[in-house]
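Written below as structure tokens is the structure these notes are about.
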Protein chains: 2
Amino acid sequence: MEFDLIELIRQRTVQARDDVRLGIGDDAAVLAVPAGQELAVAIDTLVEGVHFPRGTDPADIGWKALAVNLSDLAAMGASPAWALLGLTLPQADRAFVEGFVDGFSRLAGAHRLALVGGDTTRGPLTVSVAVHGFVPPGKALTRAGARVGDAVLVTGTLGDAAAGLNVLQQLRRDEDDRDKLRDYLVERLTRPTPRLAAGVALREQAHACIDVSDGLLADLGHICAASGVGAEIDAALLPRSSALLGLYDDATALHFALGGGDDYELCFCVPPDRLSQVQADLSRLGCGVTRIGRIVAGTGVRVRGHDGGWMEPGMPGWEHFA
Amino acid sequence: MEFDLIELIRQRTVQARDDVRLGIGDDAAVLAVPAGQELAVAIDTLVEGVHFPRGTDPADIGWKALAVNLSDLAAMGASPAWALLGLTLPQADRAFVEGFVDGFSRLAGAHRLALVGGDTTRGPLTVSVAVHGFVPPGKALTRAGARVGDAVLVTGTLGDAAAGLNVLQQLRRDEDDRDKLRDYLVERLTRPTPRLAAGVALREQAHACIDVSDGLLADLGHICAASGVGAEIDAALLPRSSALLGLYDDATALHFALGGGDDYELCFCVPPDRLSQVQADLSRLGCGVTRIGRIVAGTGVRVRGHDGGWMEPGMPGWEHFA
């Protein structure tokens, strides 16, 4: 099956980039990293039945398989350039591949990313994507630079993707129960927007950055562990979409915002004296940004609840994520 | 499961390389391509039940998942530097990961390759590896440069891996029927040797190169298609190991040598006036090399049989591979 499908993928994902010396079709691609740039690379795998339900629109799978990887580049402040695709399919399914490539190439094209190599194999539906981006030497945003006193911020809104998953699970029971709010939340799950422009803008400003893939508490916890600090966040400050608040009670919405994964927003730390500049920069990019707390001495993430006290494991909004 | 296993993988695969600015543990790795080098990148996926049988030694899976990728770099004449690993496992199985990493890191260490990023997910056992190597600008060996009159050569011996698979299938019926010849063939299947030093040596000499992963006829056919030429090879010249010839009759051994995949030898084309130099260079590296035919005008690959006539589809040694 391999050659036809790879040729189909090649035709639909070709991007004219001077730095691609040799693209899909040989034993390896040959690429030129521009002078004065380092390479940021990441790999992520999506598995049917684990990361997306059986029957998911192939175009959504193609989009998301690339988006979750581009989100890793965004979190490093890198600009995307190239991708490799490892696509495992139960059978040579041209319709699936066409849909997949449609979603993949729509997002790739928006960022001038070239697919430079691929491998299609037979087996359970699994998608591995490796992405490559550029970042000036020494400028990559890591998880390790947060300092006591930094403000903690997030882009966009939190909890939508977890709510979107919940909507999909409910829909199985009542197929007609759809509306615009539900559609919005489901699309936040199936078509996440990697915050690439924001990541580049933060490169010179933020001390530390991560993308929210496992949930805010978990991912901010990674920043704390890597930086040797703690964090305090205010539940009342968490940015939540009107769709989320329109369809779920406050405790459930908070639960999704604190612990739900798959939002692919950026969570980052900036010194207080850069706060207004960062907010202005991101707003100019059309990217919402909200201060949700601060970095403190210590370890781990504490959440101040609506009553002003610290939330504890077992409280509403906290379960499963401690 | 993810963090413990990635930490285990990180500890056992760490390689001190100055060009790794940031390795496993952040959203992406940050890497520096040396000045004056281009990047060769490839991705390959192995699936349980498709590329290796259930119950395969995890160390063999780790070795082979890297070896098949390094073989792609060898075919380009690139020197390996970094790898990314996407590992999908049915459950968090520490013993499996330890074995896998043992095989992977043994081969990686032999080539000073650093694992710089990874992703472990839950699902059917699937391994995607992406590798990165260096090659001087314009010097990558492609499939596209073969010219009429070139000699066609291969490294090592052909057909061993296909015979090794046959041995494994026979062993299921008679577990005691093992000996050194069988062990040799099975090891050629499970622990292929990527011909990296040979690939680098061929960079200035060969017009075209490919690794034999799908079988000689198929892979030499790729060179012919990419180069717009044909090829004629002599069955009598095909290098076959004493193990292969000791365990199989001539027609079966020929069948494996022409059509069997997974040998990961290099097949390449050099102008006649460089033939003795190339043979001397590869011999000095301890890499066997054999001239098996020549590039001709036309299309496709023809094989001259032992009787001096052209072999036809349906003849012994040809079936299934036309």
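If you're wondering where the values come from, they're calculated on a predicted model, not measured in any experiment.
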So which part of [X] gets closer than 4.5 Å to some heavy atom of chain A, the side chain, the backbone, both or neither?
X        : answer
B/Leu85  : backbone
B/Thr88  : side chain
B/Thr142 : both
B/Leu22  : side chain
B/Ala226 : neither
B/Val135 : side chain
B/Val116 : side chain

* Asked: Are B/Thr121 and A/His51 close enough, and set up right, to give a side-chain contact (heavy atoms from CB on, under 4.5 Å), and what steps lead you there?
  -> CA-CA 9 Å; B/Thr121 53; A/His51 301 94; 3.6 Å; yes
* **Approximate separation, where rounding is to 0.5 Å, of B/Ser128 OG and A/Leu87 CG** => 9.5 Å
* If you measure from OG1 on B/Thr45 to CG on A/Asp119, what distance do you get to the nearest 0.5 Å? -> 4.5 Å
Chain A contacts, top residue of [options] (heavy-atom pairs, under 4.5 Å):
options                               : result
B/Pro124, B/Gly49, B/Ala144, B/Gly117 : B/Pro124
B/Val47, B/Leu46, B/Leu31             : B/Leu31
B/Ala28, B/Ser213, B/Ala42            : B/Ala28

* Do any pairs count as a side-chain hydrogen bond (donor to acceptor under 3.5 Å, both in side chains) and have a residue in residues 20-32 of chain B, sequence neighbours left out, and if so which ones? ->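 side-chain hydrogen bond (donor to acceptor under 3.5 Å, both in side chains) check on residues 20-32 of chain B returns A/Glu38-B/Arg21, A/Arg143-B/Asp27.
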* Taking every heavy-atom pair that is under 4.5 Å apart, which of A/Gln37, A/Met76, A/His132, A/Glu48 has the most such pairs with chain B? -> A/Met76
* Among A/Val41, A/Leu84, A/Val30, residue most engaged with chain B (heavy-atom pairs, under 4.5 Å) -> A/Val41
* Under 4.5 Å heavy-atom distance to chain B, tell me which part of A/Ala40 shows up: side chain, backbone, both or neither. => both
